[in-house]
*Asks:* 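Structure in structure tokens, see below.
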Amino acid sequence: METIDEIINESKDVREVKRAICIKMLGEEIKPEDISKLLNVSIQWVSKWKIKYEENGAEALKLTYKGKARYLTQEQEKEIIEWIVKKEHIKIEELIEYIEKQYQIIYKSKQSYYELMEEAGMSYHKSEAVNPKTDMEIVLTKREEIKKNYWKIKKKLKKEK
């Protein structure tokens, strides 16, 4: 069982330290209003952690959420990254299909697929060979205008020499 001082000195999580400092300050008879101002929290937050500490001791100040279990093991992620690296170009849909076939996993968010591609050194952005907004008539007109101006400037420079 940890003490308040152990949590303050050893915890790597700021939230746990803040809770422990709050309790220690209450023990020093500092007013909850002053604690809320010093720690930049609400008075209700101070009260909440005071009650939890009184009911369950210092352990109540520790974080209980450990995060969600990973879908893929580190070995599976490594295999997927190796598969991505072998590809010259890859679309996100292709990666989604591969992971679903090989590992029977479908992520809710595309962010997980983007992160795998980024780890493999690939971009998930879809590229297009031609700008879809390009109007070829305008492009050709502008190109001719540039050519004319180029030759005019070139002739001018020759005359100045």
Side-chain angles (χ1 to χ4, degrees), residues 1-28 30 32 34-140 142-143 146:
M1 176 122 182
E2 287 190 88
T3 65
I4 298 290
D5 288 329
E6 288 173 338
I7 293 172
I8 292 170
N9 295 327
E10 297 170 14
S11 179
K12 292 180 181 160
D13 193 288
V14 174
R15 295 169 290 183
E16 291 177 357
V17 173
K18 203 175 209 182
R19 295 168 188 171
I21 289 172
C22 170
I23 299 303
K24 189 160 186 167
M25 291 170 89
L26 285 169
E28 297 293 324
I30 298 174
D34 296 333
I35 295 171
S36 71
K37 286 178 187 172
L38 289 168
L39 296 179
N40 199 24
V41 295
S42 67
I43 295 173
Q44 293 85 352
W45 185 91
V46 174
S47 176
K48 169 186 168 180
W49 290 107
K50 176 185 176 191
I51 292 167
K52 286 189 179 219
Y53 175 73
E54 288 171 349
E55 290 175 354
N56 301 308
E59 284 298 313
L61 306 177
K62 304 283 284 174
L63 292 174
T64 55
Y65 179 72
K66 299 296 179 196
K68 191 175 182 180
R70 298 170 61 109
Y71 287 120
L72 295 168
T73 65
Q74 287 182 333
E75 286 180 20
Q76 290 171 328
E77 279 187 17
K78 187 178 175 186
E79 289 170 9
I80 292 168
I81 290 167
E82 287 173 3
W83 178 81
I84 294 170
V85 169
K86 290 178 186 174
K87 302 269 187 189
E88 191 173 323
H89 301 286
I90 186 170
K91 291 183 179 179
I92 195 75
E93 292 79 16
E94 190 178 350
L95 177 60
I96 293 169
E97 186 178 316
Y98 175 78
I99 292 173
E100 184 179 355
K101 269 186 186 172
Q102 292 293 324
Y103 305 100
Q104 294 73 46
I105 292 172
I106 302 171
Y107 289 110
K108 288 180 184 176
S109 166
K110 287 189 177 181
Q111 185 62 38
S112 299
Y113 301 108
Y114 298 152
E115 288 170 4
L116 285 168
M117 290 181 74
E118 190 176 318
E119 249 183 90
M122 297 286 255
S123 172
Y124 59 86
H125 296 287
K126 183 178 177 185
S127 60
E128 297 183 32
V130 179
N131 184 342
K133 296 179 183 174
T134 301
D135 182 346
M136 282 311 289
E137 189 176 316
I138 294 172
V139 170
L140 294 173
K142 188 70 175 174
R143 199 177 286 166
I146 291 169

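Heavy-atom basis, side chains included; hydrogens, waters and symmetry copies ignored.
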*Asks:* Looking at Q74, I want to see if its CD is surrounded by more than 12 non-hydrogen atoms of other residues, nucleotides or ligands under 6.0 Å.
*Replies:* no
*Asks:* Hey, what do you get for CD (E2) to OG (S11), rounding to the nearest 0.5 Å?
*Replies:*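 Rounded to the nearest 0.5 Å, the CD-OG separation comes to 7.5 Å.
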*Asks:* Kindly determine whether L72 and R70 satisfy side chain to side chain contact (heavy atoms under 4.5 Å, CB included), including the steps that lead there.
*Replies:* CA-CA 6 Å; L72 295 168; R70 298 170 61 109; 5.8 Å; no
*Asks:* Is the side chain of E97 donor-acceptor paired with the backbone N or O of E94 at a distance under 3.5 Å, no angle test?
*Replies:* no
*Asks:* Check step by step if side chain to side chain contact (heavy atoms under 4.5 Å, CB included) holds for R19 and K62.
*Replies:* CA-CA 9 Å; R19 295 168 188 171; K62 304 283 284 174; over 6 Å; no
*Asks:* Between E82 and K86 (salt bridge meaning N to carboxylate O under 4.0 Å), is one present in this structure?
*Replies:*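 No salt bridge links E82 with K86.
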*Asks:* Is there a side chain to side chain contact (heavy atoms under 4.5 Å, CB included) between N56 and L61? Walk through the geometry before answering.
*Replies:* CA-CA 9 Å; N56 301 308; L61 306 177; over 6 Å; no
*Asks:* Does a side-chain N-to-carboxylate-O contact under 4.0 Å join D5 and K24?
*Replies:*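 So D5 pairs with K24 through a salt bridge.
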*Asks:* Can you check side chain to side chain contact (heavy atoms under 4.5 Å, CB included) on E93 and Y113, steps first, answer last?
*Replies:* CA-CA 9 Å; E93 292 79 16; Y113 301 108; over 6 Å; no
*Asks:* State, to 0.1 Å, how close W49 and A60 come at their nearest heavy-atom pair, and which atoms those are.
*Replies:*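 What the structure gives for the nearest pair is CZ3-O, 3.3 Å.
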*Asks:* Would one find more than 12 heavy atoms of other residues, nucleotides or ligands at under 6.0 Å from atom CG of N9?
*Replies:*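 Count over threshold, so yes.
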*Asks:* As an exercise, state the distance from CH2 of W45 to SG of C22, rounded to the nearest 0.5 Å.
*Replies:* 5.0 Å
*Asks:* So Y98 and Y103, would you call those rings parallel, tilted or perpendicular, with 30° and 60° as cut-offs?
*Replies:* perpendicular
*Asks:* Which atoms form the tightest heavy-atom contact between I35 and V41, and what is the distance?
*Replies:* O-CG2, 4.5 Å
*Asks:* Enter the distance from D34:CG to M25:CE here, rounded to the nearest 0.5 Å.
*Replies:*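 So the CG of D34 and the CE of M25 are separated by 8.0 Å.
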*Asks:* Calculate, to the nearest 0.5 Å, the distance between atoms NZ and CD1 belonging to K18 and I23 respectively.
*Replies:*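 Answer for the NZ-CD1 pair, K18 versus I23, is 13.5 Å.
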*Asks:* Please give me the minimum heavy-atom distance between A120 and V85, naming the atom from each residue.
*Replies:* O-CG2, 3.7 Å
*Asks:* Take E77 and Y71 through the side-chain hydrogen bond (donor to acceptor under 3.5 Å, both in side chains) test and state the conclusion after the steps.
*Replies:* CA-CA 10 Å; E77 279 187 17; Y71 287 120; over 6 Å; no
*Asks:* Looking only at non-hydrogen atoms, find the nearest pair between I8 and V17 and report the distance.
*Replies:*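 The pair with the smallest heavy-atom distance is O-CG2, 4.1 Å.
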*Asks:* Please give me the minimum heavy-atom distance between I84 and M122, naming the atom from each residue.
*Replies:* CG2-CG, 3.5 Å
*Asks:* Strictly distance-based, threshold 3.5 Å: is any side-chain N or O of E16 a donor or acceptor partner for the main-chain N or O of L63?
*Replies:*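 Flag set: sc E16 to bb L63 pair under 3.5 Å.
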*Asks:* Once you round to the nearest 0.5 Å, how far does CD1 of I81 lie from CE of M117?
*Replies:*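 Answer for the CD1-CE pair, I81 versus M117, is 11.5 Å.
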*Asks:* I want to check something: taking the side chain as every heavy atom from C-beta on, are E54 and K50 in contact at a cut-off of under 4.5 Å?
*Replies:* yes
*Asks:* As an exercise, state the distance from CD1 of I106 to CD1 of I99, rounded to the nearest 0.5 Å.
*Replies:* 10.5 Å
*Asks:* So which atom in L116 and which in L95 form the shortest heavy-atom distance, rounded to 0.1 Å?
*Replies:* CB-CD2, 4.5 Å
